Asks: 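Here you go, one structure.
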Amino acid sequence: MPPRLRSALSAALIAVSCLLVPFGALAAWAAYGLADTGRYVTAMAPLAADPDVREAVAETVGDGILREVDQRMHVRPLQGSVAPFVHEAVRSFTQTRAFRTAWDTGNRVTHDAVLRALREDATGGGTGEGPVTVDLAPVTAQVKQQLTDDHIALAARIPVKHTAVPVLAAHEVAPLRKGFHVLEVAGFWCPVAALVFAVAGIALAVHRRRAVVATALGTALGGGLLDLALVVGRGLTLDGLAEGVSHPAAGAVYDALTGTLRTASWLLMGLGLVVALTALLSRRLRPARPARRRRGSAGPARAQAQEPTRARV
């Protein structure tokens, strides 16, 4: 193959490989990071101690309690005087171990319900036409058990009712299921394709050291673009929130979920720069090879032939 054609094919393969790196990392994170219930709960667990998240939970739960009291007991004139005490009680509850238990259990139950709906196949026995709901009975049971273990009065009288809370509307399930299936396929094949194209591009290159440097720098650039996309996505996510949703709490949740992906982007940048620098330094620090003698050339003995001695004459 002509050297120019080899160089062109090598550059094309390396360019495609570098483009697939950020997309492969994003797809793998979504398919194998967010789709794992254990990893999701572990990532969300520290948020139970986040002040912004606890404040948002206290406001939401407190407003819900006051709304239920207003609908059932019709004591709206008393809301102004009772509301501060209700919010303060919920705020103090968010600092207990029972709240952390409820937080972890609620996240686990919600994630299981959503993941089961996304992986459900209509041909496998489920229609998938209804909304995704979460039963709060396991969460209530966990909180009741925790309060009972802490010897809280009247904790044993807390009723455990099966309450279905909607998480996803029916019209949102089908598009999310298709997108999730695409991410599962891309999460495996994009990294594999990126590796295959990179190896093929380096093997086909005329100057392989330059190809290694270009691949490493392209990988580092892909990691930088991925980190930039996370920053832009955070801003767009916070700007698209509904009115009344706490932006600091939503930002904390976004940072917790994308922490692994941000670490992956920094690893790609660091690994790419280290490999490129190592390839460049190995070329400069390589010792010079001695010049090879051509066949048939006169050796040093012939070049430095001594004059015939008197005896030989």
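Because the structure is a prediction, the values reported are computed rather than measured. Sequence positions, counted from 1, serve as the residue numbers for this chain.
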Asks: If you round to the nearest 0.5 Å, how far is CZ of Phe197 from CD1 of Ile202?
Replies: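 Taking CD1 in Ile202 and CZ in Phe197, the distance rounds to 14.0 Å.
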Asks: Under the side-chain contact (heavy atoms from CB on, under 4.5 Å) criterion, do Leu268 and Asp227 qualify, and how do the steps go?
Replies: CA-CA 10 Å; Leu268 289 175; Asp227 188 70; over 6 Å; no
Asks: Are Val173 and Leu176 connected in a single hydrophobic cluster, I mean Ile/Leu/Val/Met/Phe/Trp/Tyr linked by side-chain heavy atoms less than 4.5 Å apart?
Replies: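 Looking at the clustering, Val173 is in the same group as Leu176.
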Asks: Starting from the C-alpha separation in whole Å, work towards a yes-or-no answer on side-chain contact (heavy atoms from CB on, under 4.5 Å) for Arg54 and Phe99.
Replies: CA-CA 10 Å; Arg54 289 192 302 188; Phe99 170 73; 4.2 Å; yes
Asks: Is it true that Leu261 and Leu47 fall in one hydrophobic cluster, defined by side-chain heavy atoms closer than 4.5 Å?
Replies: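 Yes, same cluster.
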Asks: Out of curiosity, Tyr32 OH to Glu184 CD, how far, rounded to the nearest 0.5 Å?
Replies: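 That separation rounds to 7.0 Å.
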Asks: For Leu118 versus Phe180, what's the shortest heavy-atom pair and its separation?
Replies: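 Smallest heavy-atom distance, with atoms named: CB-CD2, 4.1 Å.
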Asks: What heavy-atom pair brings Pro22 and Gly222 nearest, and what distance separates the two atoms?
Replies: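 Smallest heavy-atom distance, with atoms named: CB-O, 3.7 Å.
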Asks: Distance-only, no hydrogens or angles: does the Ser282 side chain make a donor-acceptor pair with backbone N or O of Ala279 under 3.5 Å?
Replies: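 Present.
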Asks: Roughly how far, to the nearest 0.5 Å, is the CG atom of Leu257 from the OG1 atom of Thr237?
Replies: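 Going from the OG1 atom of Thr237 to the CG atom of Leu257 covers 10.5 Å.
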Asks: By the definition side-chain contact (heavy atoms from CB on, under 4.5 Å), identify the one residue from Asn107, Thr110, Asp104 that meets it with Met44.
Replies: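 The side-chain contact (heavy atoms from CB on, under 4.5 Å) with Met44 is passed solely by Asn107 among Asn107, Thr110, Asp104.
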Asks: Ignoring hydrogens and geometry, is there a side-chain-to-backbone donor-acceptor pair from Arg6 to Ala205 under 3.5 Å?
Replies: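 Flag set: sc Arg6 to bb Ala205 pair under 3.5 Å.
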